[in-house]
Amino acid sequence: MGWTRGQTVGHGSSSATVSVAKSRSSSQIFAVKSVELSKSQLLQKEQKILSQLSSPYIVSYKGYDVTKEKDKLTFNLMMEYMSGGTISDEIRLQGGGINELLIGYYTNQILLGLEYLHSRGIVHCDIKGQNILLGKTCAKIADFGCARLVDPAAPSSEPIGGTPMFMAPEVARGEEQGFPADIWALGCTIIEMACGGSPWTNVTNSASLLYRIAFSGQSPEIPKLLSLQAKDFLSKCLRRDPKERWTAKELLRHPFLEESNLNSTAIQDFVTSSPTSILDQDIWNSVEESETMDFSIQTVSSMESPLQRVRELGLNSGELNYRWNDDQSWMTVRRRSE
């Protein structure tokens with residue numbers, strides 16, 4: 001399929017650049033995630049996972065190809081283009097926080113996507129506002145660069161990865177990264193939507209953050225501005241023991257989501273009439289735009305003890321400067337599990 005690359009609209013966890021693109025034959029618009037072929041192992045893994053998925057709550061797979069650009073071979077993953085940007089974009093558009101009814105609406109759709117993934121044995125591993133894309137009336141899970149298959153009968157040799165701010169305690173300790181880890185990250189994402197900021201306060205660097213998550217016994221503070229039902233819902237997501245966290249299927253039956261389901265038509269009207277993301281404006285003003293890549297993936301070695309692993313992970317990931325109005329503050333950290 002011949003296509004033309006438009007402007008860069010984001011970055012992925014697999015060190016790839018995301019651009020908007022247009023088919024030369026049909027003028028269809030879609031998104032393309034690209035990385036140099038020699039560095040495309042993670043993106044090719046993402047392509048294999050995404051090509052097997054089909055859900056209205058997961059960004060759609062459109063194909064892949066290899067092109068030669070600037071004398072380098074490039075691996076390209078084609079996906080559905082979501083004109084509304086990300087939930088993180090929506091938070092900024094709404095002035096730093098999202099209405100609780102809309103939070104429930106998006107949470108319900110994220111959970112439907114997670115229920116589908118978990119039923120197929122897939123953990124997303126990096127649920128956060130930046131990885132939830134918005135269309136005219138829906139939210140869809142995207143960016144499967146950290147995703148992994150779970151086999152309950154065998155320990156996984158897949159790398160543990162994700163964004164430190166959204167990591168569950170058992171992930172920060174390097175113990176496991178199963179379905180409950182996605183539920184913890186969902187709880188952190190709800191706090192992000194409600195407050196427009198970090199689920200953890202007073203964070204100075206990644207080492208102290210990871211130690212706090214792993215060993216402090218604390219959970220992120222539940223925002224006081226939320227209703228009792230929303231607070232109860234969050235408490236089910238943010239239980240430190242992964243065995244005590246509710247599953248996606250159980251959470252879908254929680255009363256917090258009932259109101260958003262009852263008012264889904266009104267919410268859809270609100271979403272449709274809201275200002276669109278800048279991604280939807282003049283996307284072809286800069287065809288084949290050149291932009292340098294600055295999204296980092298850090299790799300650290302296995303260590304003898306959980307404390308050493310956390311310290312090493314923190315030291316190798318550098319200082320985490322969480323400026324919540326700047327997408328470049330996001331960082332994906334990867335390490336090999338023992």
Side-chain angles (χ1 to χ4, degrees), residues 55-58 84 86-88 90-91 94-120 122-124 127-129 131-141 165-166 168-170 178-201 218-274:
S55 165
Y57 307 105
I58 306 291
T86 68
I87 278 183
S88 296
E90 180 71 12
I91 290 169
Q94 297 296 330
I98 296 178
N99 175 281
E100 184 174 314
L101 198 61
L102 194 55
I103 291 174
Y105 179 71
Y106 289 149
T107 298
N108 187 70
Q109 295 181 331
I110 297 168
L111 271 173
L112 287 167
L114 286 177
E115 182 189 31
Y116 171 79
L117 290 175
H118 294 175
S119 71
R120 297 179 66 87
I122 297 171
V123 187
H124 184 275
I127 293 294
K128 60 186 179 184
N131 286 342
I132 309 299
L133 300 182
L134 303 178
K136 297 296 184 183
T137 60
C138 63
K140 299 190 180 188
I141 298 173
M165 277 285 184
F166 297 80
E170 68 275 12
F179 306 136
D182 281 347
I183 300 301
W184 176 281
L186 172 66
C188 293
T189 303
I190 292 172
I191 296 176
E192 179 191 358
M193 287 191 279
C195 299
S198 165
W200 293 96
T201 56
Q218 301 174 4
S219 296
E221 183 178 353
I222 295 177
K224 294 181 174 61
L225 56 86
L226 293 176
S227 67
L228 290 176
Q229 285 188 341
K231 290 176 181 176
D232 184 72
F233 183 94
L234 267 176
S235 72
K236 304 296 192 291
C237 298
L238 296 174
R239 292 178 175 175
R240 288 188 61 87
D241 186 343
K243 296 177 182 176
E244 294 183 1
R245 268 172 240 150
W246 281 27
T247 65
K249 189 180 291 292
E250 289 171 332
L251 287 168
L252 283 166
R253 296 195 292 267
H254 193 281
F256 169 57
L257 300 182
E258 288 182 358
E259 187 175 0
S260 63
N261 287 333
L262 290 172
N263 293 278
S264 60
T265 302
I267 295 172
Q268 287 182 14
D269 290 342
F270 170 78
V271 173
T272 304
S273 61
S274 293

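- Atom NZ of Lys231 is surrounded by more than 12 heavy atoms from other residues, nucleotides or ligands within 6.0 Å.
- Note that the CG atom of Leu111 and the CG atom of Leu257 stand 6.5 Å from one another [nearest 0.5 Å].
- Just one residue in the list Leu251, Ile110, Leu252 forms a side-chain contact (heavy atoms from CB on, under 4.5 Å) with Glu115, and that residue is Leu252.
- When each of Thr107, Leu228, Leu226 is tested with Phe233 by the rule side-chain contact (heavy atoms from CB on, under 4.5 Å), just one qualifies, namely Thr107.
- For Ile103 against Ile98, the heavy-atom pair with the smallest separation is CD1-O, 3.3 Å.
- Between Lys128 and Glu192, the shortest heavy-atom distance links the atoms C-OE1, 4.2 Å.
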**side chain to side chain contact (heavy atoms under 4.5 Å, CB included) between Tyr106 and Ile87, worked out** = CA-CA 9 Å; Tyr106 289 149; Ile87 278 183; 4.2 Å; yes
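- The line from NE2 of His118 to OG1 of Thr247 is 9.5 Å long, rounded to the nearest 0.5 Å.
- Looking only at distances, a side-chain donor or acceptor of Ser219 sits under 3.5 Å from a matching main-chain atom of Leu238.
- With rounding to the nearest 0.5 Å, the separation of CG in Leu186 from CZ in Arg245 is 11.5 Å.
- Across every non-hydrogen atom of Ile222 and Ser235, the tightest pair is CD1-N, 4.0 Å.
- Using a 4.5 Å heavy-atom cutoff, the side chains of Leu112 and Pro56 are not in contact.
- Remark: Asn131 CG to Ile141 CD1 distance equals 9.5 Å, nearest 0.5 Å.
- Contact annotation: the side chain of His254 approaches that of Asp232 to within less than 4.5 Å [non-hydrogen atoms, C-beta and beyond].
- Of the inter-residue distances, the one linking Gln109 atom CD with Ile132 atom CD1 reads 10.0 Å to the nearest 0.5 angstrom.
- Heavy-atom minimum distance, Ala168 versus Ala181: CB-CA, 4.1 Å.
- The two residues Pro220 and Pro199 make their nearest non-hydrogen contact at CB-O, 3.2 Å.
- In this structure the side chain of Trp184 reaches within 4.5 angstrom of the side chain of Pro169, judged on heavy atoms.
- Taking CD from Glu258 and CG from Asn108, the interatomic distance works out to 11.0 Å, rounded to the nearest 0.5 Å.
- Taking the side chain to side chain donor-acceptor pair (under 3.5 Å) definition, one finds that Arg239 meets it with nothing, sequence neighbours left out.
- The two atoms that bring Ile183 and Cys237 nearest to each other are O-CB, 3.6 Å, heavy atoms only.
- Looking at residues two or more places apart in sequence or on another chain, you find a side chain to side chain contact (heavy atoms under 4.5 Å, CB included) between Gln229 and Ser227, Pro255, Phe256.
- For Glu250, the CD atom sits in a packed shell: over 12 heavy atoms of surrounding residues, nucleotides or ligands are nearer than 6.0 Å.
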**Request:** Give the C-alpha distance, both sets of side-chain angles, the deciding distance and a yes or no for side chain to side chain contact (heavy atoms under 4.5 Å, CB included) between Thr189 and Phe166.
**Result:** CA-CA 8 Å; Thr189 303; Phe166 297 80; 3.8 Å; yes
